There are 2 protein chains.
Amino acid sequence: MALGKDYAGQNCSIARALEVVGERWTLLIIRDAFFGVRRFSDFLAHLDCPRAVLSGRLQTLVESGVLTKRLGEYTLTESGRELWPIVYMLGQWGGRHFSADGPTRVLVHAECGTPIDPAGDCPPCGVPGVPPTDLEVHTVPGRDLRDDPVARALRSPHRLLEPLPVRP
Amino acid sequence: MALGKDYAGQNCSIARALEVVGERWTLLIIRDAFFGVRRFSDFLAHLDCPRAVLSGRLQTLVESGVLTKRLGEYTLTESGRELWPIVYMLGQWGGRHFSADGPTRVLVHAECGTPIDPAGDCPPCGVPGVPPTDLEVHTVPGRDLRDDPVARALRSPHRLLEPLPVRP
DNA sequence: GCCTCCAGGTTCGGTCACTGAACCGACGCT
DNA sequence: AGCGTCGGTTCAGTGACCGAACCTGGAGGC
């Protein structure tokens with residue numbers, strides 16, 4: 001564990017955070033958890049990362065208190081749900097600078113139906129930092145190019161953190 | 001580049017962002033850039049990461065438009081400065097859950113002298129999302145355990161993005 | 001009971017990125 | 001010329017990531 005994972009010598013909260021969520025695939029796992037993915041095989045189908053890596057990451061996320069495992073389902077803890085602003089702002093930043101074709105997903109304030117702004121607020125409602133439980137994911141037609149069963153299920157509009165909508 | 005760096009198949013802004021800032025050390029480089037570090041040797045002294053890795057990361061960050069290189073100094077571009085909320089919230093999250101001893105640094109709204117809140121706002125001034133240029137870093141005495149020249153220089157209170165305050 | 005299927009992993013070579021130390025060239029100073 | 005520093009590059013060794021194959025425990029059928 002002396003190589004590749006930790007940032008010994010960096011006595012810094014940012015480094016501590018990155019030791020937990022900074023490894024390859026980890027933030028994409030958390031993204032999918034917000035979108036409602038809960039089961040090992042569903043993460044696997046949607047991420048196509050090696051099974052061993054997924055297994056390891058899920059385990060360390062559970063150990064770090066970001067996820068809990070119950071009855072074969074991984075769900076975000078309160079600590080994990082606090083990562084929402086980071087996940088959202090990363091997506092905003094990536095969208096602004098590195099995806100010319102526009103967004104693949106739009107996040108809508110469930111109570112009023114308007115998309116939230118780049119800061120994560122709902123201007124009409126005056127709600128700053130809309131929590132993930134009050135958000136719906138809408139997929140922009142033709143923009144999500146993935147075609148696994150999980151991606152298809154995630155395409156129907158649904159609330160964040162709710163379990164994967166349709167299961168065949 | 002087929003392994004380890006990109007997330008081919010993830011047609012997602014978050015994945016795009018992580019391809020740029022998601023690699024090991026990258027976000028710590030950006031953190032230091034916000035704190036005023038600009039020169040290769042200063043990043044090196046403060047991060048103790050391999051020179052080759054630092055060299056590579058700085059290069060890809062310049063290529064991605066996050067940093068610019070002029071006269072041997074790396075500075076954050078506008079796009080790079082937009083990463084501030086992410087860096088700040090990562091630090092907040094890491095501090096809340098993984099550093100029991102309390103913060104090593106406090107960020108103060110320069111205009112009024114009060115520390116900003118966990119969301120990055122200044123409640124007394126009513127300023128939401130205080131921009132990095134309006135923030136001062138104050139180091140909590142006895143909490144920053146590093147003792148390289150750069151760490152010492154960074155300990156004196158200074159504004160974000162201003163070049164390294166004292167140079168011996 | 002026994003067989004089959006499937007979800008949820010673990011194991012196993014091979015490859016690639018990270019690591020630390022050594023080396024290199026350009027520049028400034030004496 | 002000789003020395004020091006800055007900003008890298010090169011290089012052998014090692015650990016993490018990769019994909020594919022294999023294992024295991026429980027559910028369902030017969």
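Numbers restart at 1 for each chain; the letters A, B, ... are given by sequence-line order, proteins then strands. In what follows, every heavy atom counts, from backbone to side chain, and hydrogens, waters and symmetry copies are set aside. Just so we're clear, the structure is a prediction, and the values are computed from it rather than from any experiment.
From B:N11, atom CG reaches atom CZ of A:R143 across 5.5 Å, with rounding to the nearest 0.5 Å. Summarising the geometry, atom CZ belonging to B:F34 is positioned 9.5 Å from atom CD1 belonging to A:I14; distances are rounded to the nearest 0.5 Å. Remark: A:M89 CE to B:Y88 OH distance equals 13.5 Å, nearest 0.5 Å.
OP1 or OP2 of C:dG9 has at least one side-chain nitrogen or oxygen of A:Y74 nearer than 4.0 Å. Neither OP1 nor OP2 of C:dA7 sits under 4.0 Å from any side-chain N or O of A:S41.
Taking atom CG of B:L71 as the reference point, atom P of D:dC6 lies 17 Å away to the nearest angstrom. Spacing between atom CG of A:L54 and atom P of C:dA7 amounts to 14 Å, rounded to whole angstrom units. Distance OH (A:Y7) to C1' (C:dT19): 14 Å, rounded to an integer number of Å. Atom-to-atom, CZ of B:R24 to C1' of D:dC17 comes out at 14 Å; the value is rounded to the nearest Å. If you take CZ of B:F40 and C1' of D:dT5, they are 13 Å apart, rounded to a whole angstrom. In this structure, CD of B:Q59 is placed 8 Å from P of D:dG8, rounded to the nearest angstrom.
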Using atom types as modelled, flag every donor-acceptor pair under 3.5 Å from a side chain in residues 70-77 of chain A to any protein atom, sequence neighbours excluded.
unit_1 : atom_1 : unit_2 : atom_2 : d
A:Y74  : OH     : A:K69  : NZ     : 3.4
A:T75  : OG1    : A:T68  : OG1    : 3.2
A:T77  : OG1    : A:G65  : O      : 2.5
A:T77  : OG1    : A:V66  : O      : 3.1
A:T77  : OG1    : A:S79  : N      : 3.4
A:T77  : OG1    : A:G80  : N      : 3.1

Name the pairs: protein N/O against N/O of nucleotides 19-27 of chain D, kept only if under 3.5 Å.
none

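Among the protein residues, B:F43 comes within range of no part of the nucleic acid, since none of its heavy atoms lies under 4.0 Å from any strand.
Under the 4.5 Å side-chain heavy-atom criterion for ILVMFWY residues, a single connected hydrophobic cluster contains both A:V62 and A:V20.
Minimum heavy-atom separation, A:T139 to A:L154: OG1-O, 3.8 Å.
The only member of B:L67, B:L83, B:I86 that meets side-chain contact (heavy atoms from CB on, under 4.5 Å) when paired with B:I30 is B:L83.
Of the listed nucleotides (D:dG8, C:dA7, C:dT10), C:dT10 has the atom at the smallest distance from the side chain of A:S55. Closest to the side chain of B:W25, from the set C:dT19, C:dG8, D:dC17, is C:dT19. Distances were taken from every side-chain heavy atom of A:R39 (C-beta onward) to each of D:dC17, C:dC18, C:dG8; the shortest belongs to C:dG8.
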